[in-house]
2 protein chains.
Amino acid sequence: MQESSLTEAKIRIEPEPPLLSRLRQMIVGGAVQPGDLLAETALAQEFDISRTPIREALKQLEREGLVEVRARVGTFVRRPTQREIHEMFELKESFEGLAAGLLARRGPVPELEQLRENVARSQQAVDSGDAELYSQLVHEFHSTLVAGADNRKLSEHYDLLMNQLAYHRIVSQTLSLPGRLKNSVGEHQAIIEALTSKDPLAAELVMRRHVAASSQSAAMAALKEAEEQPG
Amino acid sequence: MQESSLTEAKIRIEPEPPLLSRLRQMIVGGAVQPGDLLAETALAQEFDISRTPIREALKQLEREGLVEVRARVGTFVRRPTQREIHEMFELKESFEGLAAGLLARRGPVPELEQLRENVARSQQAVDSGDAELYSQLVHEFHSTLVAGADNRKLSEHYDLLMNQLAYHRIVSQTLSLPGRLKNSVGEHQAIIEALTSKDPLAAELVMRRHVAASSQSAAMAALKEAEEQPG
DNA sequence: CTAGAATCTCTTGTATGCAAGAGATCACTA
DNA sequence: TAGTGATCTCTTGCATACAAGAGATTCTAG
């Protein structure tokens with residue numbers, strides 16, 4: 001292969017093609033349902049573009065586990081199996097545990113203050129009974145925590161995972177046992193305390209216990225959904 | 001979107017397109033070096049196929065972090081930054097720790113016997129001074145352990161990670177401090193004991209300590225390589 | 001000799017036509 | 001009516017032509 005005469009490529013953040021983002025959002029946002037056909041021709045017309053870029057985006061989404069491309073049959077929105085959901089929750093626990101450990105090791109960082117503000121707002125949401133807002137804040141808490149680990153590769157893997165869990169997150173967060181809601185605020189508070197205690201391993205274990213607990217109710221919600229919508 | 005009239009797709013293992021595998025192997029195997037240009041036209045001629053499938057494979061590899069596609073300039077083999085290498089070793093520790101915990105929780109499984117055989121052969125390789133074989137067995141030990149966790153999503157993420165670390169694994173395993181080699185056999189033996197002790201958390205911690213230790217020497221090797229081949 | 005602009009070449013991005021196959025539909029037969 | 005076969009339509013897979021831009025090169029002016 002020919003050696004490039006260019007100097008080392010500068011590190012640039014490349015914006016993701018909007019087409020890919022839009023298609024992904026259609027899936028994780030629930031605009032299309034598992035089992036739905038995503039035909040290249042139809043999408044090409046809808047986005048007023050040729051099949052080629054559509055095709056590339058769909059291939060990408062296949063690699064992300066969001067769709068399944070069946071040769072000469074069609075591209076379908078994928079529904080994770082029960083087993084995959086279980087596996088992904090195990091990974092989620094590991095990722096967020098790692099993030100908590102790394103964050104605790106970093107010491108005082110801006111993200112910690114964001115987490116504190118998040119908990120305060122979450123408490124207000126619980127007090128005012130705004131389940132929708134609370135659900136959003138819970139998601140934000142976990143995202144902020146992972147971002148605070150300051151490990152981009154971890155973030156990449158985490159985003160990949162959470163996209164696949166997205167539609168299940170919707171049901172899990174909203175349908176989870178009401179009793180867990182206010183309890184969750186307390187757990188988030190405890191997590192912050194562990195993060196500031198400068199004991200990374202303790203922070204990791206507290207985080208993992210929290211994720212495992214919330215995953216349990218989320219998995220139950222996912223199971224319930226699977227029963228209601230038999231494939 | 002039109003609902004598919006098909007019954008739920010059966011779970012089938014789809015073989016990966018050989019083209020993609022071959023291109024990936026060219027990169028992780030070292031046939032092409034970081035910075036090298038992978039021009040679609042040249043590859044199309046080399047593989048006697050049109051640009052379209054080549055292009056799709058390259059996009060895939062970009063998503064895997066192995067190449068960088070610069071619009072209207074070229075597709076180049078990517079060299080991970082020092083920071084990324086550090087981040088990936090952190091992830092590796094987490095992944096293999098999770099795998100050890102899951103494997104320990106599973107109890108007696110065939111993979112454990114494979115690991116014992118691996119250690120026995122590794123000891124022979126050390127005794128006979130076969131560094132090449134030993135390096136290969138070390139890799140096999142870790143692969144077997146992750147596979148034994150019986151979590152496919154974990155395996156997917158792990159494979160993704162290890163492909164990116166592949167060319168660094170080459171140097172790290174072969175160039176790592178000779179003193180660590182025989183020490184490593186002992187550590188592998190200790191890991192197996194922890195895996196059979198039915199204490200998942202202990203197994204995880206032992207595994208993570210081992211990975212962290214070996215990562216340190218590997219990171220040193222990667223750093224050394226980076227100095228020798230300035231971008 | 002140097003600086004700068006125009007040009008030129010090589011690259012990827014996109015559109016489109018055709019091939020091939022999977023699956024649904026419909027006709028036909030026992 | 002049930003089963004079976006051919007056909008037909010819709011899908012993705014692949015090849016290719018053209019567009020557009022980045023960067024190296026060359027030419028020109030000072």
Side-chain angles (χ1 to χ4, degrees), chain A residues 1-23 27 32 34-64 66-78 231, chain B residues 1-23 27 32 34-64 66-78 231:
Chain A
M1 287 297 137
Q2 171 188 351
E3 172 73 18
S4 163
S5 61
L6 301 172
T7 54
E8 180 78 347
K10 302 173 202 68
I11 298 175
R12 297 161 298 125
I13 45 171
E14 301 202 16
E16 183 170 281
L19 171 64
L20 179 58
S21 296
R22 288 182 64 183
L23 284 174
I27 299 171
V32 292
D36 281 358
L37 170 66
L38 295 178
E40 295 173 2
T41 309
L43 290 172
Q45 287 185 351
E46 185 176 337
F47 288 92
D48 193 37
I49 202 173
S50 83
R51 271 182 57 207
T52 310
I54 296 283
R55 185 177 172 72
E56 284 180 1
L58 288 178
K59 286 281 186 182
Q60 185 100 332
L61 293 175
E62 180 184 35
R63 191 59 176 148
E64 295 181 17
L66 296 180
V67 305
E68 178 185 5
V69 179
R70 302 175 62 183
R72 294 183 176 86
V73 176
T75 302
F76 302 91
V77 179
R78 202 161 172 285
Chain B
M1 286 296 134
Q2 172 189 351
E3 172 73 17
S4 165
S5 62
L6 300 171
T7 54
E8 180 78 348
K10 302 174 202 67
I11 298 175
R12 296 161 298 125
I13 46 171
E14 300 201 17
E16 182 172 283
L19 172 64
L20 179 59
S21 296
R22 288 182 63 183
L23 284 173
I27 299 172
V32 292
D36 282 359
L37 170 66
L38 295 178
E40 296 173 3
T41 309
L43 290 171
Q45 287 186 350
E46 186 176 337
F47 287 92
D48 195 37
I49 203 174
S50 84
R51 270 181 59 207
T52 310
I54 296 283
R55 184 177 172 74
E56 284 179 0
L58 289 178
K59 286 282 186 180
Q60 191 90 303
L61 294 174
E62 180 185 35
R63 194 211 146 283
E64 294 181 19
L66 295 179
V67 304
E68 177 185 4
V69 179
R70 303 175 61 184
R72 295 184 176 86
V73 177
T75 302
F76 302 91
V77 179
R78 203 160 171 287

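The analysis underlying the following values was restricted to heavy atoms, covering all of them including side chains, and did not include hydrogens, waters or symmetry mates. Letters go in sequence order (proteins before strands), and every chain restarts at 1.
Checking D:dA15, D:dT11, C:dG17 against every side-chain atom of A:Arg51, the shortest atom distance belongs to C:dG17. Side-chain proximity of A:Ala39 to the nucleotides C:dT11, D:dT11, C:dT14 is greatest for D:dT11.
Across all non-hydrogen atoms, the minimal contact from A:Arg55 to A:Glu40 is NH1-OE2, 2.9 Å. The minimum heavy-atom distance linking B:Gln60 with A:Lys59 is given by the pair OE1-O, 4.2 Å. Between B:Val69 and B:Leu58, the closest heavy-atom pair is CG2-O, 4.5 Å.
Counting atom types as modelled, A:Arg70 pairs no side-chain N or O with a base atom of C:dG23 as donor and acceptor under 3.5 Å.
As rounded to whole Å, 7 Å separates atom P of D:dA22 from atom CZ of B:Arg72. In this structure, B:Glu68 atom CD and C:dT11 atom C1' are separated by 14 Å, rounded to whole Å. The interatomic distance linking A:Leu37 (CG) with C:dA24 (C1') rounds to 14 Å, in whole Å. Atom-to-atom, CZ of A:Phe76 to C1' of D:dT11 comes out at 9 Å; the value is rounded to the nearest Å. Atom CG of A:Leu61 and atom P of D:dT12 are 13 Å apart (whole Å). Atom CD in B:Gln45 sits about 14 Å away from atom C1' in D:dT16, given to the nearest Å. For A:Glu40 and D:dT12, the CD to C1' distance is 6 Å, given to the nearest whole Å. Atom CD in B:Glu56 sits about 8 Å away from atom C1' in D:dG13, given to the nearest Å.
A salt bridge is defined here as a Lys NZ or Arg NE, NH1 or NH2 lying under 4.0 Å from an Asp or Glu carboxylate O, and B:Arg78 with B:Glu62 fails to meet this definition.
When the nearest nucleotides of DNA chain C are assigned to B:Arg55 and A:Ala71 by heavy-atom distance, the more 5′-ward of the two goes with B:Arg55.
Of the side-chain N and O atoms in A:Thr52, none sit less than 4.0 angstrom from OP1 or OP2 of C:dG13. Side-chain N/O atoms of B:Ser50 include one lying less than 4.0 angstrom from OP1 or OP2 on D:dA15. Neither OP1 nor OP2 of C:dT11 sits under 4.0 Å from any side-chain N or O of B:Thr41. At the phosphate of C:dT12, neither OP1 nor OP2 sits under 4.0 Å from any side-chain N or O atom of B:Lys59.
Between A:Leu61 and A:Leu38, every side-chain heavy-atom pair lies at or beyond the 4.5 Å cut-off.
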